[in-house]
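Working notes, structure below.
Letters A, B, ... mirror the listed sequences (proteins, then strands); counts begin at 1.
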Protein chains: 2
Amino acid sequence: MISSNISNEALDIFRKGLAHFITFNEAEWTEFIPHLNYKVIKKRDHFSIKDKVCNDIGFIVNGSVRYYHVKDGTEITGYFSFENEFVSSYKSFLTQQPGTGYIQALEQTGLILISRKNMDMMLSHPLFGYKMERFGRLVAEHYICCYEDRITSFITETPEERYLKMLETTPEIMQRVPQHYVANFLGITPVSLSRIRKRTLIYA
Amino acid sequence: MISSNISNEALDIFRKGLAHFITFNEAEWTEFIPHLNYKVIKKRDHFSIKDKVCNDIGFIVNGSVRYYHVKDGTEITGYFSFENEFVSSYKSFLTQQPGTGYIQALEQTGLILISRKNMDMMLSHPLFGYKMERFGRLVAEHYICCYEDRITSFITETPEERYLKMLETTPEIMQRVPQHYVANFLGITPVSLSRIRKRTLIYA
DNA sequence: CCAAAACGTTAACAAAAGATAAGAAATTAA
DNA sequence: TTAATTTCTTATCTTTTGTTAACGTTTTGG
């Protein structure tokens with residue numbers, strides 16, 4: 001879709017978020033904007049669901065989402081994304097294969113969307129395809145670093161250590177996310193997280 | 001370093017490995033080769049160590065390596081890489097910050113190396129910088145997919161399920177890697193892995 | 001505003017995993 | 001080859017975690 005009626009406020013937030021990775025000049029930005037869409041997802045509605053290809057990568061302008069899988073009929077939450085972060089069922093988006101999990105809004109969430117088709121158009125764009133490739137590389141590398149930390153924590157830390165480190169890294173998480181989702185995120189049961197909190201006396 | 005005396009055999013293996021991501025024409029390849037180095041690491045020697053910046057990304061022509069952290073004086077192995085795979089302390093290489101772990105050769109290992117400096121030169125190269133950016137993006141995206149699977153397995157699967165899935169994905173691993181390293185990789189103790197093998201009667 | 005659903009804590013019990021140590025087998029190095 | 005080291009298994013004991021269920025509280029939706 002080559003058109004855009006996204007609010008200037010949302011676009012400003014988006015542009016500031018991108019600045020962590022790359023800076024677009026005015027000509028490039030003008031070319032960029034028509035490749036974007038805006039969407040509001042209501043609380044509990046899904047951004048991406050199992051067995052369907054995730055066609056968009058989103059940038060969260062406001063709100064939050066959780067990623068979850070269903071195993072033996074039970075939901076298991078693996079991750080959260082908040083304002084100024086990207087959201088996508090990455091493997092599905094990148095490989096264009098059906099996803100294995102769900103992404104659901106934890107609250108009403110406003111998103112700037114880039115479809116796979118528009119992304120590919122921009123990556124091959126004569127004006128700024130080169131810069132878009134760099135942008136894509138830097139974003140991907142950023143997530144590699146995040147994922148590396150997360151895997152290392154599963155290998156080297158106990159659940160209790162993961163809980164305490166999470167409170168340092170993301171102090172607001174217990175306020176913003178139901179505790180049983182956080183427990184899943186830490187790789188333990190809700191009952192177990194409740195015990196850790198009682199044991200450490202750290203409820204932040 | 002702008003020179004190269006890497007064997008044609010190693011270069012062929014490397015070029016075939018890259019073909020999973022991108023194909024270089026002859027002019028590009030001719031430009032590529034002088035940015036490469038070759039190194040053989042003896043068994044038990046280190047490719048990368050804690051508190052030092054990892055300056056290279058390697059492509060394993062032959063051999064294998066393990067990634068490990070040291071916690072409370074004990075080594076904990078988090079991952080392995082084999083022939084035709086890349087190896088690096090990625091976060092350190094990508095951010096140019098000191099690494100938190102070690103990468104050690106499990107056996108004598110031959111590597112084609114790209115230094116950060118040479119990588120950056122190629123990413124900005126007038127002839128094929130655009131293609132190199134795409135190459136870098138595709139490699140990074142590939143690792144995002146791998147990491148996503150690994151994190152999902154920690155969240156949704158039991159150690160026993162991880163063990164069985166690993167045997168499907170990498171059947172040769174128990175033959176090539178000491179079992180207590182594999183146990184760490186699965187996020188459990190060596191004693192626990194030994195029990196799982198006895199319990200399931202699957203020793204493949 | 002009320003009823004239903006979701007949430008967090010706690011308890012009791014079961015299952016799994018960690019810690020430690022001993023011993024046998026395999027590998028490595030001198 | 002031999003001695004030392006590493007590796008894997010097994011056993012015992014302890015700790016942690018999982019499971020299930022009950023209870024009170026909070027949140028949600030009509």
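Under the 6.0 Å distance and 45° angle rule, A:Arg66 counts as a cation-pi partner of A:Tyr68. Relative to the six-membered ring of B:Phe93, B:Arg116 meets both conditions, a distance below 6.0 Å and an angle of at most 45° to the axis.
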Evaluate B:His69 against B:Tyr102 for ring pair (Phe, Tyr, Trp, His ring centres under 6.0 Å), listing each step before the verdict. CA-CA 6 Å; B:His69 279 77; B:Tyr102 303 80; 8.1 Å; no

Under the side chain to side chain contact (heavy atoms under 4.5 Å, CB included) criterion, do A:Asn37 and A:Leu111 qualify, and how do the steps go? CA-CA 8 Å; A:Asn37 284 293; A:Leu111 297 156; over 6 Å; no

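If you take CD of A:Glu161 and P of D:dT16, they are 12 Å apart, rounded to a whole angstrom. When rounded to the nearest whole Å, the span between CD1 of B:Ile188 and P of D:dT15 equals 21 Å. Rounding to whole angstrom units, CD of residue B:Glu75 and C1' of D:dT6 are separated by 12 Å.
Residues B:Glu141 and A:Arg137 are not paired through a salt bridge, judged by the lack of any N-O separation under 4.0 Å between the basic side chain and the carboxylate.
Taking 4.5 Å as the limit, some side-chain heavy atom of B:Phe47 sits within range of a side-chain heavy atom of B:Ile41. Two residues are said to be in side-chain contact when any heavy atoms from C-beta on lie closer than 4.5 Å; A:Tyr38 and A:Leu36 fail this criterion.
For the residue pair B:Ser92 and B:Gln97, no side-chain donor N or O sits within less than 3.5 Å of a side-chain acceptor on the partner.
For DNA chain C, the outermost nucleotides in 5' to 3' order that have an atom under 4.0 Å from a heavy atom of chain B are C:dA17 to C:dA29.
With A:Glu157 contributing its side chain and A:Phe154 its backbone, the two residues share no donor-acceptor pair below 3.5 Å.
Residues from residues 190-201 of chain B placing a heavy atom under 4.0 Å of any atom in DNA chain C, listed by number, are B:Val191, B:Ser192, B:Arg195, B:Arg199.
Taking the six-membered ring where the residue is Trp, A:His125 and A:His35 present perpendicular rings, their angle passing 60° and hence far from 30°.
Direction of the helix axis in the helix from C:dC1-D:dG30 to C:dA30-D:dT1 shifts by 70° between the two five-pair termini, rounded to 10°.
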Show which side-chain atoms of residues 177-185 of chain A pair as donor or acceptor with protein atoms under 3.5 Å away, not counting sequence neighbours.
| unit_1 | atom_1 | unit_2 | atom_2 | d |
| --- | --- | --- | --- | --- |
| A:Gln179 | OE1 | A:Arg197 | NE | 3.4 |
| A:Asn184 | OD1 | A:Thr77 | N | 3.1 |

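Note on B:Gln179: every side-chain N or O is 4.0 Å or more away from OP1 and OP2 of D:dT6.
In this structure A:Tyr90 satisfies the ring-ring contact (aromatic ring centres under 6.0 Å, His included) test together with A:Tyr143, sequence neighbours excluded.
When B:Ser89, B:Ser81, B:Ser88 are each tested for a side chain to side chain donor-acceptor pair (under 3.5 Å) with B:Tyr67, only one passes: B:Ser81.
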Measure all distances between protein nitrogen or oxygen atoms and nitrogen or oxygen atoms of nucleotides 27-30 of chain D, and list the pairs falling under 3.5 Å.
| unit_1 | atom_1 | unit_2 | atom_2 | d |
| --- | --- | --- | --- | --- |
| D:dT28 | OP1 | A:Lys43 | NZ | 2.9 |
| D:dG29 | OP1 | A:Arg44 | NH2 | 3.4 |

